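Everything numeric here is computed off the predicted structure, so don't read it as measured data. Below, chains carry the letters A, B, ... as their sequence lines are ordered, and counting in each starts from 1.
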4 protein chains.
Amino acid sequence: MPAKTAAKPKKSASLAVEDVSRKPQQGRSKASLERMLAAARELMLERGNEDFTLQDVSQRGNVSIGSIYLRFESKDNLVRAVIADALDAISAEETTMLAALTPQCTSLGDFVPRYVESYAEVLRINAPLLRLSMQRAASDPLVSGPGKAHAMRAASQGTEAMMAFRDEIAGDDPERKALSSYHIIFATLARQLSLGSTGESVHDYDWRDLKRELGRMCLAYLRAA
Amino acid sequence: MPAKTAAKPKKSASLAVEDVSRKPQQGRSKASLERMLAAARELMLERGNEDFTLQDVSQRGNVSIGSIYLRFESKDNLVRAVIADALDAISAEETTMLAALTPQCTSLGDFVPRYVESYAEVLRINAPLLRLSMQRAASDPLVSGPGKAHAMRAASQGTEAMMAFRDEIAGDDPERKALSSYHIIFATLARQLSLGSTGESVHDYDWRDLKRELGRMCLAYLRAA
Amino acid sequence: MPAKTAAKPKKSASLAVEDVSRKPQQGRSKASLERMLAAARELMLERGNEDFTLQDVSQRGNVSIGSIYLRFESKDNLVRAVIADALDAISAEETTMLAALTPQCTSLGDFVPRYVESYAEVLRINAPLLRLSMQRAASDPLVSGPGKAHAMRAASQGTEAMMAFRDEIAGDDPERKALSSYHIIFATLARQLSLGSTGESVHDYDWRDLKRELGRMCLAYLRAA
Amino acid sequence: MPAKTAAKPKKSASLAVEDVSRKPQQGRSKASLERMLAAARELMLERGNEDFTLQDVSQRGNVSIGSIYLRFESKDNLVRAVIADALDAISAEETTMLAALTPQCTSLGDFVPRYVESYAEVLRINAPLLRLSMQRAASDPLVSGPGKAHAMRAASQGTEAMMAFRDEIAGDDPERKALSSYHIIFATLARQLSLGSTGESVHDYDWRDLKRELGRMCLAYLRAA
DNA sequence: TATGAATGAGTATTCATTCAT
DNA sequence: GATGAATGAATACTCATTCAT
């Protein structure tokens, strides 16, 4: 973690794989890059963000340690690349999910509960990697920056989707209400999935109930004068 | 050599300071216990849950390393004790806050926004230590257990407070609505304070706004048929 | 934290160098393996089986500490490897000695005193390392096992050599007499050389005398009806 | 062990309890001295000469650590005292055994086998503590000195006992033959009991057989011209 | 005398990173 | 480009000994 190694001049705050890895690769090199990323991802999921050795990655991914350093400046950057990949994949899923859901809905009362449900599913499926991202972001600015970017992208997508039903939203600032709703939905789902915190089901409060009530709350709020 | 390794009796999964530390101390011993806990807490806040050395604690707290081991079985247990202390203190603050707030409020419309505001303040003030607790809980069962207990205590206190205005809550299951409200309030505040995740203000979304809208949302929900 | 402690696969109870060291090495790796074994052996002889530091080995053998752990799972295994080497070398010397002595002897009366003398010499020369082996064996099963094996090999070789003159051995169980003689010879020589006990010449009883009398005693015994 | 702590000027080479302990004690002090010696002895037998803590002694013996340092200059001296006590007790047993055996025997052929048998029994019973003595003596001159003294006392007692039958001993130097016999008997018994070396029965060679053959060998030797 | 809390030097082991081949 | 053996700094934990009470 950066806290320990204050040594070398670090790269800029960017995080996409091509930013963190040394060179865009092709062919068999690309395959080996994939293998080391996959091995690292597995290990991170099994043991936690940093509780694995490059030796481990080397063995599991069938890649030499030298190869890893050929692609990544440091172990930290390898971890960041895994997280960057994951965040990208999740963003894509969110987009897909919204693209599929929106056209099916005809009213706010139709949309909101289904949105909560669908978003919860996307987050649930990606919870392990999301958890890693958020844990790491807590202590690594090079991850918290891009993580924030991903969060804002998600927020604007979600808000936009609700704004498709803007005439059903009461009050004079529907935009704000939509954005607030998004934040509250995300926060609630994230916490329930324990992103960023405890490993297991933290709360005994029933997951199914909460999703339903969360939808109701948002609807009540968006419709209320 | 095998002859040397005699298995140590491990402690139970409990976490209160007196459970994690070796002996209840008094007088100057107590003072030294305080110093090592304070030093550890400072270091944990500065660098993260584990990115400090017992050497560091020894120097900053003016305690010998041996003394630390006189009170704590391991560095891990020292960390746990710091967290246990913090959770206890926060619980106390929550209780105090509610005890002060409740009698001042005459209606749900009066209570909910002020509750959100006050709770937000309690969490904001304790955010750094809460963050440490939640991060640690993610990988240490000896912390996640008690952390969960603290969360449930808080949930029941919050719900109970709202139930003081139960006749203003519409619908046939006011209890569920109150509990859902608590969860959503906590999740939103926690996320905004980045408990369990990023170090700094994660979201550019305005803090003041969100608190207000959160209150409104809950009110709308609780009142809605 | 539990997440970190993954149990290491332990090796079997075997002891030969290639069993205790991690990999068969060649070339310059072999040279560095030799240097660390030599350094460890010197230090063990100077200070005792365990009263040396890996730091010491690193400096004296001009090997990095990491390299030691590349070859040996632990300091204990390094010590075991030194002992295994020594036991192998001694076994070889015993075999050589017997192979040289036996053909020169024409009778039991010729053989026994010369055997005592020659065996005493082999043991004397290897006394320091033998002492280390036996001391270590007292508390380390991974050494006592192979040590026992070495002892039995030696016993059978010695017995066999005496049995070359079986027709000079009186009584109806020459095998037993030969084996008993071997045990008594070894025990006496070992004790005199203080294998397994005191550092210096323990006994003031004259070494030269005892060897002679030991030979006479065995002869008298083997020949007696 | 002395090898490590070259620090303080040590006492003379003497070892009797009153030499190693600080002061001759009486009354309840004596009782506490006994308790710490007993506790130390137990721990040494359970774990080995040095693999115990003064903390352990303090708890098991119900003596404060300060008390131990009131009686003994160091942990090493406590260990030495335990060994000194043991050697004294064994010497006494040897004397008793000889005093009981000698008058019962009328000839060398009567005496020798019974002596081997009885001596083996004395050694067998005291094997654990004798083992500790010899192990410690290997690296601690303050023990090896007195250990040697004990050995010589035993040698002269044993020799003397055999010399009671001097007219049955052939040859012109019965004294030497008796002394040689003693050494060989002791060495063989000691090795078989693994004094000074491996923990368990080292040899598969049958204990009962060896004792008988050892007696026969000595007899044959003593009687042979 | 007696106590036992405090001290802190000493050491095995891990693992990210380098670089000779 | 690839390799993986070598490096060595970094750190938790133990326990004999002291000394204030």
Mind calculating the distance between [atom1] ([X]) and [atom2] ([N]) to the nearest angstrom?
X: B:L70; N: E:dT3; atom1: CG; atom2: C1'; value: 14 Å
X: A:N49; N: E:dA16; atom1: CG; atom2: P; value: 14 Å
X: A:L33; N: F:dG1; atom1: CG; atom2: C1'; value: 15 Å
X: C:L78; N: E:dT13; atom1: CG; atom2: C1'; value: 14 Å
X: B:I68; N: E:dT7; atom1: CD1; atom2: P; value: 10 Å
X: C:R80; N: E:dA12; atom1: CZ; atom2: P; value: 14 Å
X: B:R35; N: E:dA6; atom1: CZ; atom2: P; value: 10 Å
X: D:F72; N: E:dA2; atom1: CZ; atom2: P; value: 13 Å

Backbone N or O of D:V63 within a donor-acceptor pair of the D:S58 side chain at under 3.5 Å? yes
Close N or O pairs between protein and nucleotides 9-12 of chain F (under 3.5 Å):
from	atom 1	to	atom 2	distance (Å)
F:dA12	OP1	B:K75	NZ	2.9
F:dA12	OP2	B:L54	N	3.2

A:S67 side chain, from C-beta outward: closest of E:dA6, F:dT3, F:dA5: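 So the nucleotide nearest the side chain must be F:dT3.
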Looking at the side chain of C:S64, which of E:dT7, F:dG8, E:dA5 is the nearest nucleotide?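 Looking only at side-chain atoms, C:S64 lies closest to F:dG8.
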Are OP1 or OP2 of E:dA2 and a side-chain N or O of D:S29 less than 4.0 angstrom apart? yes
Is there a side-chain polar atom (N or O) of D:R71 under 4.0 Å from OP1 or OP2 of E:dA2?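 Checking E:dA2 against D:R71, a side-chain N or O does come within under 4.0 Å of OP1 or OP2.
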Can you tell me how far the CZ atom of D:R71 sits from the CG atom of D:N77, to the nearest 0.5 Å?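 D:R71 atom CZ to D:N77 atom CG measures 14.5 Å (nearest 0.5 Å).
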Can you measure from CG (C:L37) to CE (C:M44) and round to the nearest 0.5 angstrom? 10.0 Å
For C:R35, all residues meeting salt bridge (Lys or Arg N to Asp or Glu O under 4.0 Å), sequence neighbours excluded: none
Note every stem involving DNA chain F: at least three consecutive Watson-Crick or G-U wobble pairs, i with j then i+1 with j-1, with both distances under 3.5 Å.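 As far as DNA chain F goes, consecutive pairing (with distances under 3.5 Å) yields the stems E:2-21 with F:2-21.
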